[in-house]
Each structure stands twice: as structure tokens, then as C-alpha cells.
Amino acid sequence: MNAPFPETPFPETAAKAGLPPLNILIAAPRGFCAGVDRAIEIVERALERYGAPVYVRHEIVHNRFVVDGLKAKGAIFVEELDEVPEGVPVVFSAHGVPKSVPEEAERRQMIYVDATCPLVSKVHRQAERQIEAGRHILFIGHKGHPEVIGTFGQVPDGAMTLVETVDDVATLAVPQGRPLAFLTQTTLSVDDTADIIAALQARFPDIVAPKAEDICYATSNRQAAVKAIAPKADLVLVIGAPNSSNSLRLVEVAERCGTPARLIQRASEIDPAWLDNVATVGLTAGASAPEALVREVVARLGEWRAITEEPVLTAEENMIFKLPRQLTE
């Protein structure tokens, strides 16, 4: 797809004589996942098909650079549907929305396009099936995250209980005599989630697990890539937004490997003092951060050091999600 912003040129820093060396271990995979690619393309296609403005409910993905790039093309971001005027199209974000949102859009006869990541939609369908089977759902996730709000909005009130930590498991109050199932947010820490699931299965031996892991491939792959670079680095930089769950998890993964880590949104946030006594930097980007920001960070580091780049590949990704039919026909 065509990115909504230009790539930042990469300087020939090796020619800068006299600068101390810095090795950059660049995690691969990193950055955009298929769901984010799809969501951004949905907004761009909607702008082409319907013309500006196109409204977007919530940030399409958690990245200010991406959002600003789409704003420049004519997207207008709002929090709720009542901020959308009559007669203009609206896109729902990649994180998913409660059922009440498209229901309201249909009541108002709005043109709407759902950019929910298909892997989030899969969790929504699982939630509906578990409720149809008469089970109460224990949902592992972070309170207030848009994906959690959207998933809770797929089922009746009281049909799902949020579990955030291992400690929560011991104090859970569940409906007596009702079978249980668990589901998870797609952008969690793989290790933390495994611990919570183990605690749930120890307390509730008959709890029903999802047929396949809910944590998405991109989240798992990016965490595995950080585990590969962090032990070899003196500092890990994670490009992502502070409200991006998957980016925050990458920082945690690096720190659990014993390596200091910093979450940054842009290269301008890097303090050169961070590089004191640092010979090797690990670099990655959350699933909502474009490659342009990776190149921007490399360029900034190249202003202070004579850098060498070393890609560290731990998985190949070739996932592509189809666009909604209304934008392709």
C-alpha cells in the first residue's frame, strides 16, 4: 500500500569521520502489521471513493504520525458518532467497536466502513459463540483499552469479566454453576498472558480455551524479535505511542531481558545522554509505527555516532487481509 507520508532519507553516516561507533540491532519483524496496513488503506480508499472529509471514530491506529498524515489528506477524527454530521462517511478504527456503534450508524442511515482488524473480529465471534454455548467469559486484557471496550460490547452486560493480572485470578467472583471460557486481547505480553492462563486453569480446571491463541501473530513476532536483540544491546529503543498496548509490551519485554528500554514517538525525543557508555542499541517499532520513523531514528543516531546497522530476523511475515467489499467493487 501507499504510505500516507514520505520516507525519511537515510544519511551516509559511515562517512562521518571521528564519531564514536554505534552498532544498531534492528529487529525484524517490526512496525506495521497486516491489520494496520489494512486500516490505513481503508481510510485512504474511503477518501478516494467518497471524497474529503471522511470521519474516523477514534484513532484509526495508535500512532500520531499516521493520524496526522491522514488528517492532511482529509480525514477527521472524532470520539463518538454524534460528532459526525449527516451525509458523510465514517470509518471505525482497527481496534474494533461495540455492536451499538454500527447499530447506531445504521439507525442514522450513515455510510460506514469497519476497519476492525480481522484478528480482533475473530475474538468478537468467539465471544458470541461462548455466550451462545451458555458460558461466562473471563477476558484477559487491559481496562479501558479500545479493543477491550469493543469486545465487551459484543455480548450482554455481565456476560464477561475482565482479568488484568495473575493476582486478579485468586479474587475473581464468577457466576455459580455456570461453565467458564477465557479469551484474550490481541496485543498482550505473551509471557504475562501465559502466566494468567495457567492461573485460570489451575483455579478453574474445566475452563474452555479458545481454539487458537488470541494474541495476534504480529504481537508475538515483535516480542520474540525483541527477545533476540535485547540481550545483545546496551539500550533498546521502541518506536510507538504511549497508548499503544503492543508497543508498551515491547518495552517490558526488553526490560525483562535486563536491558534498559525507552518508548519514543519520534527521533526528536531521543536524549543524546542516553547513549553514554552505549556501544549497541536495539531498535524496534510497534505494530502501528511506520518504517519512516525507524529511518528517522537511525538518521538521528547517525548525527552523533558512526553507525552500523545489523538486521536481526526472527520471523517472516506475509499476512495480507482483504479490504471491505464496498471499497473494492
Colleague: Do Asp68 and Phe77 come within less than 4.5 Å of each other through their side chains, counting heavy atoms only?
Modeller: no

Colleague: Glu310 and Thr280: side chain to side chain contact (heavy atoms under 4.5 Å, CB included), yes or no, with the steps?
Modeller: CA-CA 10 Å; Glu310 182 182 339; Thr280 301; over 6 Å; no

Colleague: How are the rings of Phe92 and Tyr112 set to each other: parallel, tilted or perpendicular (split at 30° and 60°)?
Modeller: parallel

Colleague: His95 pairs by ring pair (Phe, Tyr, Trp, His ring centres under 6.0 Å) with which of His62, His142, His124, His58?
Modeller: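 In the set His62, His142, His124, His58, the residue that makes a ring pair (Phe, Tyr, Trp, His ring centres under 6.0 Å) with His95 is His62.
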
Colleague: Salt bridge between Glu291 and Arg30, side-chain N to carboxylate O under 4.0 Å?
Modeller: yes

Colleague: Between Asp191 and Ser189, do the side chains contain a donor N or O and an acceptor N or O under 3.5 Å apart?
Modeller: no

Colleague: How far does CD1 of Ile42 sit from CG of Leu47, to the nearest 0.5 angstrom?
Modeller: 12.0 Å

Colleague: Closest approach of Ala39 and Val61, non-hydrogen atoms and distance?
Modeller: CB-CG1, 4.3 Å

Colleague: Under a plain distance cut-off of 3.5 Å, with no hydrogens placed, do Thr308 and Asn23 share a side-chain donor-acceptor pair?
Modeller: yes

Colleague: How long is the gap from CG on Leu119 to CD1 on Ile215, to the nearest 0.5 Å?
Modeller: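 With rounding to 0.5 Å, CG (Leu119) is 12.0 Å from CD1 (Ile215).
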
Colleague: Are any non-hydrogen side-chain atoms of Ile140 and Leu200 less than 4.5 angstrom apart?
Modeller: yes

Colleague: Quick one: do the Ser245 and Arg249 side chains pair a donor with an acceptor below 3.5 Å?
Modeller: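 The answer is yes; a qualifying pair exists.
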
Colleague: Using modelled atom types only, decide if a donor and an acceptor are shared between the side chain of Glu296 and the backbone of Ala267 within a distance under 3.5 Å.
Modeller: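 It does hold such a pair.
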
Colleague: Please evaluate residues Arg64 and Glu59 with respect to the criterion salt bridge (charged side-chain N to carboxylate O under 4.0 Å, His left out), reporting the C-alpha separation (whole Å), side-chain torsions for both, the decisive distance (0.1 Å), and the verdict.
Modeller: CA-CA 8 Å; Arg64 177 52 51 188; Glu59 290 185 338; 3.0 Å; yes

Colleague: Do Ile111 and Val56 belong together in a cluster built from hydrophobic side chains that touch within less than 4.5 Å?
Modeller: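 Cluster IDs for Ile111 and Val56 match.
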
Colleague: Mind checking whether Val294 and Ile24 sit in one hydrophobic cluster, side chains of I, L, V, M, F, W, Y counted as touching below 4.5 Å?
Modeller: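 Cluster IDs for Val294 and Ile24 match.
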
Colleague: Walk me through whether Leu275 and Val281 qualify under side chain to side chain contact (heavy atoms under 4.5 Å, CB included).
Modeller: CA-CA 8 Å; Leu275 300 180; Val281 167; 3.9 Å; yes

Colleague: Is the backbone N or O of Val278 less than 3.5 Å from a side-chain atom of Asp234, with the two atoms forming a donor-acceptor pair by type?
Modeller: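 No: the side chain of Asp234 does not pair with the backbone of Val278.
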
Colleague: Which heavy atom of Ala75 sits nearest a heavy atom of Val43, and at what distance?
Modeller: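 Result for this residue pair: CB-CG1, 4.1 Å.
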
Colleague: For Ile229 and Gly282, work out which heavy atoms get closest and say how close.
Modeller: CD1-CA, 3.8 Å

Colleague: Does Asn246 reach the main-chain N or O of Ala287 with its side chain, forming a donor-acceptor pair under 3.5 Å?
Modeller: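 Answer holds: yes.
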
Colleague: Yes or no on salt bridge (charged side-chain N to carboxylate O under 4.0 Å, His left out) for Arg107 and Glu104, after CA distance, side-chain angles and deciding distance?
Modeller: CA-CA 5 Å; Arg107 187 190 67 77; Glu104 172 65 10; 2.8 Å; yes

Colleague: Over all heavy atoms of both residues, which pair between Thr314 and Ala228 is shortest? Give the atoms and the distance, please.
Modeller: CG2-CB, 3.6 Å

Colleague: Do any N or O atoms from the side chain of Arg262 and from the backbone of Asp271 form a donor-acceptor pair under 3.5 angstrom?
Modeller: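 Looks like no, no N/O pair under 3.5 Å.
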
Colleague: So which heavy atom on Ser244 is nearest to which on Ser247, and how close?
Modeller: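 Closest heavy-atom pair between Ser244 and Ser247: OG-OG, 2.9 Å.
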
Colleague: Test your reading of the model: is there a side-chain donor-acceptor pair from Arg45 to the backbone of Pro324, 3.5 Å cut-off?
Modeller: no

Colleague: Do the side chains of Leu25 and Leu313 join up, straight or via other hydrophobic residues, at under 4.5 Å, putting them in one cluster?
Modeller: no

Colleague: Which heavy atom of Gly51 sits nearest to which heavy atom of Val54, and what is that distance?
Modeller: O-CG2, 3.7 Å

Colleague: Is a salt bridge present between Lys143 and Glu164, judged by a nitrogen-to-oxygen distance below 4.0 Å?
Modeller: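 Looking at Lys143 and Glu164, the cut-off is not met.
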
Colleague: So do the side chains of Asp206 and Pro179 get within less than 4.5 Å of each other, counting heavy atoms only?
Modeller: no

Colleague: For the residue pair Leu323 and Arg38, establish whether any side-chain heavy-atom pair is separated by less than 4.5 Å.
Modeller: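 In contact.
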
Colleague: Between the main-chain N or O of Leu180 and the side-chain N or O of Arg135, is there a donor-acceptor pair closer than 3.5 Å?
Modeller: no

Colleague: Only one of Thr186, Val123, Val97, Leu162 forms a side-chain contact (heavy atoms from CB on, under 4.5 Å) with Thr151, so which one is it?
Modeller: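 The side-chain contact (heavy atoms from CB on, under 4.5 Å) with Thr151 is passed solely by Val123 among Thr186, Val123, Val97, Leu162.
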
Colleague: Is it true that Glu303 and Arg300 have a side-chain N and a carboxylate O under 4.0 angstrom from each other?
Modeller: yes

Colleague: Without swapping roles, check the side chain of Arg222 against the backbone of Gly31 for a donor-acceptor pair under 3.5 Å.
Modeller: yes

Colleague: Are more than 12 heavy atoms from other residues, nucleotides or ligands located less than 6.0 Å from atom CD of Gln109?
Modeller: no

Colleague: Take a 6.0 Å sphere around CZ of Arg178 and say whether it holds more than 12 heavy atoms from other residues, nucleotides or ligands.
Modeller: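 Enclosed.
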
Colleague: From Gln130 CD over to Leu183 CG, what is the distance, rounded to the nearest 0.5 angstrom?
Modeller: 6.0 Å

Colleague: For a 4.5 angstrom cut-off between non-hydrogen side-chain atoms, does Ile26 reach Val298?
Modeller: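 Sidechains of Val298 and Ile26: in contact.
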
Colleague: Between Val88 and Leu81, is there a shared hydrophobic cluster once you connect ILVMFWY residues whose side-chain heavy atoms come closer than 4.5 Å?
Modeller: yes

Colleague: Hydrophobic clustering (ILVMFWY, side-chain heavy atoms < 4.5 Å, transitive) - are Val174 and Ile137 grouped together?
Modeller: no

Colleague: Distance check, rounded to the nearest 0.5 Å: Met110 atom CE versus Tyr55 atom OH?
Modeller: 9.5 Å

Colleague: Using a strict 4.0 Å threshold on nitrogen-to-oxygen distance, state whether Arg57 and Glu80 make a salt bridge.
Modeller: yes

Colleague: With the side chain counted from C-beta on, respond yes when Asp192 and Glu252 share a heavy-atom pair under 4.5 Å apart, and no when they do not.
Modeller: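 In short, these two side chains touch, coming nearer than 4.5 Å.
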
Colleague: Can you check whether Ser121 reaches Gln154 side chain to side chain, under 4.5 Å on heavy atoms?
Modeller: no

Colleague: If you measure from SG on Cys117 to CZ on Phe321, what distance do you get to the nearest 0.5 Å?
Modeller: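 Between Cys117 SG and Phe321 CZ, I get 5.0 Å after rounding to 0.5 Å.
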
Colleague: Test side chain to side chain contact (heavy atoms under 4.5 Å, CB included) on Leu293 and Asn63; report intermediate values, then the result.
Modeller: CA-CA 11 Å; Leu293 297 186; Asn63 187 277; 4.0 Å; yes

Colleague: I need the Thr161 OG1 to Phe152 CZ distance, nearest 0.5 Å.
Modeller: 6.5 Å

Colleague: As a test of understanding, state which of Thr284, Thr259, Val238, Val251 forms a side-chain contact (heavy atoms from CB on, under 4.5 Å) with Val226.
Modeller: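 Among the candidates, only Thr284 passes.
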
Colleague: Output yes when Glu128 and Lys99 qualify as a salt bridge under the 4.0 Å nitrogen-oxygen rule, no when they do not.
Modeller: yes

Colleague: How far apart are the C-alpha atoms of Thr328 and Lys322, what are their side-chain angles, what is the distance that settles it, and do they pass the side chain to side chain contact (heavy atoms under 4.5 Å, CB included) test?
Modeller: CA-CA 9 Å; Thr328 58; Lys322 291 181 180 179; over 6 Å; no

Colleague: For Asp157, is the CG atom crowded, meaning more than 12 foreign heavy atoms sit under 6.0 Å from it?
Modeller: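 It does not: Asp157 CG has 12 such atoms or fewer within range.
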
Colleague: Please examine the side chains of Phe182 and Pro210, heavy atoms only from C-beta on, and report whether any two atoms are closer than 4.5 Å.
Modeller: yes

Colleague: Any donor and acceptor pair, going by atom type alone, linking the side chain of Arg108 with main-chain N or O of Gly87 inside 3.5 Å?
Modeller: no

